[in-house]
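Only this structure's heavy atoms are used, side chains among them; waters, hydrogens and symmetry mates stay out. Just so you know, residue 1 is the first one in the sequence shown, and it goes up from there.
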Amino acid sequence: MQTNRLFLRYLFSYMLVLAIPLSIITLLVYNYFFHQLKEEVIKNNVNILQHVVTAVDHHIAGMNTVAYQIYNNPDLTTQQISDGPYTTSKGIRQLKSYISGNNFISDVVVYYKQLNKFVSSTRTYTMKEFLAVYYGGAVSEEQFLTAARDIDGNGVWVPDSDAGGGELGQVVSYLVPNSSNYDKRMVLFIIKQHAFEQMMSSNKGNIIAINPERKIVAASKENNRPQEQDLMNFIQPGQTEHSLITNIGSSSHFVSYIQSSETGWSYFMVMPVKEAMSQVYAAKDAFLGALLVIVLAGGMAILFNMRLNYRPIRQLRLFAERETGSVAETGNEFDAVRMTINRINHTNKILKDQVKSNHSAVKDYLLTHLLSGVFPHAEAFNEKGSDFGLSFSHPFFRVVIFSAAALEPQQKVTASMLPALLEQVLPSEIEGYGRINIDNRLIFILACGRESDRQMLQNTLADMQQLLTNELHSHVAVGVGNPYEAAGQIGKSCLEAYTALDYRLVKGTDQIIYFEDIRIAAGSGFPYPVEELRALEISIIEGNTDQISFIVEELVSKITECDIALFEARCLCFDIINTVLKAMQQINKKFVGLDKGDIDVLSLAQFETVKELGQSITDVCQTLCNYIKDNREKQDDELLRQWVAYLETNYHDTNFTVQSMADHFNMSLSNLSYYFKKCFGQSISDYINYLRIEKAKQLLSSTKKPLIEIISEIGYCDVSSFVRKFKKEVGTTPGGFRKYKSI
């Protein structure tokens, strides 16, 4: 039951939250939005009415201008018209030109009082004819003369509504009397009432024009048209424009009124409120319907979400009670969860105290994440590490790595205490924290306030290096990465520090090496010592220790003293090692009994600096040369015997080459040729020729085989070449030698 009360309480609160904005929206729509719509309707009516006023005033102004031109036209004076038919026709053409292209004016007529004659743009009329044509005879001569006499200035004369129309239908006459008392003329503009109605037409409401004589000139709609007096009652004194809602007849209407400052005419726009506000009323109905739908849908959504969201809360309580092993006494799920959270917080506090007691492990953990780029900004690291005394306030970061033969101090301190010792050396301008990495390197993250103060950094690193050297009794190399302003770039600086540390191969194990310096060296050219490597190989094979020491020292100097890229330095070191191994292979072929156990070849690959490599090579070569010296004579005799035996066996082979002999003894062509000539005093080719000549002499003296067969047996192919070679060596031709031996 308590749970249901909680559910209903929150359901009611959410419904209230939904109802408040909907109520505000409803009040806003009814009290503001719909009021604005009403004002917009009135404004739109006034705009339409103003457009009609402007149009009518424009046409009246145009007719006044035409009347002025007519009165000043010499062809239309009373004298000219009275002179005869010719001058009259000329005046008719003049009148026609004034209304040509004007769709508003149906005809223009000049009334000559002295002649009692009317001249239009088409013909002349007598008074009777004029009234019959234009007013259908419904207007008497007396009525017309009265209207012409009583008109005040320019004005519109509208016959009574019961008067029929003439040939043009119902018309409105605009009378412009002549201001001169001597010239008894009057200009009449005949306008179809339909033209006025078309000008004032509107898809909404009824537009009505009333002249200063308070007579309706025209209306856009004749049906249900209000009376002139009813409309004139809406005019407020001193106002030329006014709008209101009033009752006309049995219904409410919008009435908008404008008085023309040009003509003095009054214009009304009368529109039933139901017609004007039809869209507004439709919007109201739609709004109320939408509001009802929103309320129903919102209520259903709230109920559904309450049931959906309340279930996890219930399940959360059950889960908390199940995990903690205790049941909350309260029936309120939130109170139960709060009690469970309190128990969890208490447990977390205990765990946090335990974590603080393992400060070093947490420090290593946070620094490892900082090096891995987990913290993109120093603020994120400070938030995690401030509880453990780890934070950075300076903006520029760089990584420094210390490397030694061993990170186990010789004194009472342990290796884990080394970072703390080095942190004490740091000046106030530099912040830093260190840890021992899994590769047995000491990594420090430093932060300073300025991007580049090389001398201060150099002095600080030198002090730290000296402290480590004293503690470890070993050379300490230092690799320094570039500075970066973002903490997320610390990992990049770490890689740069490792690269700089690797460069101790060239610089030495007691140097402070900056990554920015080795980048300069990496771009320099370095002449590869091909000749020196070749000379080293020959010196090793010859056992010349003095020459070996000189060459190795020269190679080490070239690497350490020149600007050489780390990759090139490593390649050159391995090429030096390969040269030694290749020379040993040649020596092993020459001295079959070479005991490799006496020579520590593996020591060549165990070096950190080029100088260490040079010393290892010198030691190995010294041992190797001593072995060569002790076994040279015995091995030389055995190898020479094998060479001679091979040549005596294969000299008669026409396919024999020195290269095939070198391949047989696993020696290079150059080494075989060099040592053979050194031992025998002649080249292999010369020795082969000697064996072939001796065999040929034997066959010539002991057999009667033809020369071509003897040549084939000793490995020659060309007879003439053999004859020249034989004569050069023996002093006579093969035939002469056989003849001499047969005597």
Item checked: Validation row: L536, Q547 side chains within 4.5 angstrom (heavy atoms) -> no
Check: With no hydrogens and no angle check, do the side chains of D364 and Y433 hold a donor and an acceptor under 3.5 Å apart?
Finding: no
Item checked: Value rounded to 0.5 Å, distance of CG in L457 from CG in L461 -> 4.5 Å
Check: Given side chains that start at C-beta, do those of K384 and L366 come closer than 4.5 Å, heavy atoms only?
Finding: yes
Next item on the list: Begin with the C-alpha distance, continue with both residues' side-chain angles, and end with the deciding distance and a verdict on side-chain contact (heavy atoms from CB on, under 4.5 Å) for Y674 and S670.
Entry: CA-CA 6 Å; Y674 173 78; S670 58; over 6 Å; no
Check: In this structure, are over 12 heavy atoms from other groups packed under 6.0 Å from E553 atom CD?
Finding: no
Margin query: If the threshold is 4.0 Å, N to carboxylate O, is there a salt bridge linking K363 and E423?
Written below: yes
Notebook entry, point to check: Can you tell me how far the CZ atom of F515 sits from the CG atom of D502, to the nearest 0.5 Å?
Noted result: 11.0 Å
Note to self: Can you confirm if the aromatic rings of F397 and F392 lie within a centre distance of less than 6.0 Å?
What the structure shows: yes
Next item on the list: Calculate, to the nearest 0.5 Å, the distance between atoms CZ and CD1 belonging to F402 and I443 respectively.
Entry: 11.0 Å
Margin query: How long is the straight-line distance from CG of L468 back to CG of D463, given to the nearest 0.5 Å?
Written below: 11.5 Å
Notebook entry, point to check: Going through the distances and angles, do S403 and R441 end up as a side chain to side chain donor-acceptor pair (under 3.5 Å)?
Noted result: CA-CA 5 Å; S403 176; R441 305 280 174 80; 3.3 Å; yes
Margin query: Could you measure the distance from the CG atom of D546 to the CD1 atom of I551? Nearest 0.5 Å is fine.
Written below: 11.0 Å
Next item on the list: State which residues pass side chain to side chain contact (heavy atoms under 4.5 Å, CB included) with V374; sequence neighbours excluded, sorted by chain then number.
Entry: H369, S372
Next item on the list: State, yes or no, whether a side-chain contact exists between Q511 and V478 at a heavy-atom distance under 4.5 Å.
Entry: no
Next item on the list: Would you mind reporting whether L422 and L467 have side-chain heavy atoms less than 4.5 Å apart?
Entry: yes
Notebook entry, point to check: So, E496 versus Y514: side-chain donor-acceptor pair below 3.5 Å or not?
Noted result: no
